[in-house]
Amino acid sequence: MPSAITSTSSQTDATIFGGHDIARPQLTKPLYDSGSLQQYSYNDPTPAIGREFPTLKIRDLLKADDQLFRDLAYTISSRGVVFLRNQDVTPNELKDFMLRLTTLAGCPSTSGLHVHPLTEEGSELGDQISVISSEKQKKGGGLTHQLSDVSRYASNAWHSDITFEPVPSDYAMLKIHTLPVTGGDTLWASGYEVYDRLSEPMREMLKKLTATHDAKFFLDEARNLGNPLRECERGSPLNKGAELAAVHPVIRTNPVTGWNSVYVNKGFTKRINGVTKDESDILLKYLFNMVTQNHDAQVRFRWSKNDVAIWDNRSTWHCATYDYNDPRAGDRVCSLGEAPYLDVQGGKSRKEELGF
């Protein structure tokens, strides 16, 4: 069975639901936007989610001061996903960027970059780089098992990254360097927006519940790909072994913004605990539908060569679009944040906090 969630030692059981003693955020209060990014032009593709900086370059950011990095972390966490165009950066620079981002955003001292269970040992790009490849997916890699003859719903691939780990991802970064002439877009949806659309009685009920996240299908995929599963420590002392399952709160608080988000996803969440299976199925179907059927809570990004997206996995979902035949490939880095928790008293609604 996956590990039961525990509360952090720095906060009382009455105010914190979930978390873990060795994987708590180092922030004592949410970050804020100091305005240092205002020097760069940007646009918001939708009101609910997304921000694009057309001219901002990662190599320039790596030379920037800590306050600008904190502002970027806040922007990613508040807007959900940030898009950067035409980035000439190496995989090592991607890793350096993500380590600095997660550190300045207050990740636990025990959290680093994630090593995916399916990452090949001795990969030339290093353990912390996940190669996103349509050729690998044709062999059964990734979430394409959900898009087999069992289903023809593309929406089955909506997920947040690595929620099956006891300490899942805070931020993820993807650079696409090979892409088809058309197709292969990625969509993101806002967990803040979905939380804000729940009625108050529904919110209060879900705040008391946990869910089990499971990725045991990776055991089959490891065999299909001919790679041994990585059972070593995968970026956190709590992420190891072949269990590939964890229990997290259904509603979690993002420490960077202080806002609450729904934290279940179609890719990995199998069961809401403490209720009957029938009740769990009904609740999960409703929450999944809130993600897939609210297009005004989503943003769709059309990639160009060497574009980069950086998103906050704590409060977004994403879904690739498998509508192409030509090769599509890129490099992804996931940093690890805190063990998910709900701040019962301090966690806020985004809409209520911002007044819209």
Side-chain angles (χ1 to χ4, degrees), residues 1-9 17-25 95 98-99 102 107-123 125-132 136-137 139-146 159-172 209-250 252 263-274 280 284 313-314 332-341:
M1 291 290 292
S3 302
I5 59 175
T6 60
S7 42
T8 61
S9 59
F17 179 54
H20 194 284
D21 286 346
I22 69 167
R24 58 181 179 266
K95 290 191 288 187
M98 287 298 283
L99 276 172
T102 186
C107 77
S109 60
T110 53
S111 290
L113 299 181
H114 187 244
V115 178
H116 196 278
L118 294 181
T119 298
E120 298 179 36
E121 290 196 46
S123 168
L125 296 179
D127 287 348
Q128 295 89 5
I129 296 285
S130 295
V131 177
I132 308 300
K136 286 179 65 175
Q137 288 164 347
K139 300 177 183 178
L143 284 170
T144 51
H145 74 288
Q146 306 247 32
H159 66 288
S160 301
D161 289 322
I162 61 173
T163 64
F164 57 86
E165 298 279 29
V167 181
S169 171
D170 52 2
Y171 298 107
L209 298 175
T210 66
T212 297
H213 301 243
D214 187 301
K216 289 188 175 59
F217 61 85
F218 281 148
L219 299 173
D220 292 333
E221 292 190 12
R223 286 190 289 269
N224 292 340
L225 295 170
N227 300 330
L229 194 78
R230 299 296 293 270
E231 297 186 34
C232 59
E233 189 174 300
R234 298 186 291 270
S236 166
L238 299 177
N239 297 351
K240 57 186 176 182
E243 188 174 12
L244 303 184
V247 173
H248 302 307
V250 172
R252 76 177 290 183
Y263 196 64
V264 296
N265 68 89
K266 206 159 190 176
F268 299 118
T269 310
K270 306 305 179 187
R271 181 77 154 78
I272 292 182
N273 305 310
S280 172
L284 286 176
N313 272 303
R314 295 168 290 200
R332 188 192 71 178
V333 183
C334 281
S335 56
L336 299 180
E338 67 284 351
Y341 70 94

- Task: Find the distance between CD (Glu243) and NZ (Lys216) and round it off to the nearest 0.5 Å.
- Result: 5.5 Å
- ring-ring contact (aromatic ring centres under 6.0 Å, His included) with Phe164: which residues, sequence neighbours excluded? Phe218, Phe268
- Message: Side chains of Leu99 and Ser335, heavy atoms from C-beta outward: is any pair under 4.5 Å?
- Response: no
- Item | Arg252: salt bridge (charged side-chain N to carboxylate O under 4.0 Å, His left out) partners, not counting sequence neighbours | Glu338
- Query: Any side-chain heavy-atom pair from Asn313 and Pro168 closer than 4.5 angstrom?
  - Reply: no
- Roughly how far, to the nearest 0.5 Å, is the CZ atom of Arg271 from the OG1 atom of Thr269? 13.0 Å
- Sequence neighbours excluded, which residues qualify as side chain to side chain donor-acceptor pair (under 3.5 Å) partners of Arg234? Glu165
- Query: Taking only residues two or more places apart in sequence or in another chain, which ones pass side chain to side chain donor-acceptor pair (under 3.5 Å) with Asn273?
  - Reply: Thr210, Thr212
- Query: side-chain contact (heavy atoms from CB on, under 4.5 Å) with Glu233: which residues, sequence neighbours excluded?
  - Reply: Pro237
- Euclidean distance, Glu231 CD relative to Asn239 CG, rounded to 0.5 Å: 13.5 Å
- Message: Would you compute the distance between atom CG of Leu113 and atom NZ of Lys95 and round it to the nearest 0.5 angstrom?
- Response: 7.5 Å
- For the residue pair Tyr263 and Pro340, what are the closest heavy atoms and their distance? CE2-CG, 3.9 Å
- Query: For Leu219 and Leu229, what are the C-alpha separation, side-chain angles and deciding distance, and is it a side-chain contact (heavy atoms from CB on, under 4.5 Å)?
  - Reply: CA-CA 7 Å; Leu219 299 173; Leu229 194 78; 3.4 Å; yes
- Message: Restricting to non-hydrogen atoms, name the atom on Pro25 and the atom on Pro108 that form the minimum distance, rounded to 0.1 Å.
- Response: N-CG, 4.3 Å
- Item | Separation between SG of Cys334 and CE of Met98, rounded to the nearest 0.5 Å | 6.5 Å
- Do Arg314 and Tyr171 come close enough that some side-chain heavy atom pair is under 4.5 Å? yes
- Distance (rounded to the nearest 0.5 Å) between Arg332 CZ and Ser169 OG: 7.5 Å
- Is the shortest heavy-atom distance from the side chain of Thr110 to the side chain of Val167 under 4.5 Å? no
- For Thr102, what residues pass the side chain to side chain donor-acceptor pair (under 3.5 Å) criterion, not counting sequence neighbours? Asp170
- Of all heavy-atom pairs linking Pro249 and Gly18, the shortest is CG-CA, 4.2 Å
- Item | For Thr163, side chain to side chain donor-acceptor pair (under 3.5 Å) partners two or more places apart | His213, Asn265
- Task: State, to 0.1 Å, how close Leu336 and Ser111 come at their nearest heavy-atom pair, and which atoms those are.
- Result: O-CB, 3.2 Å
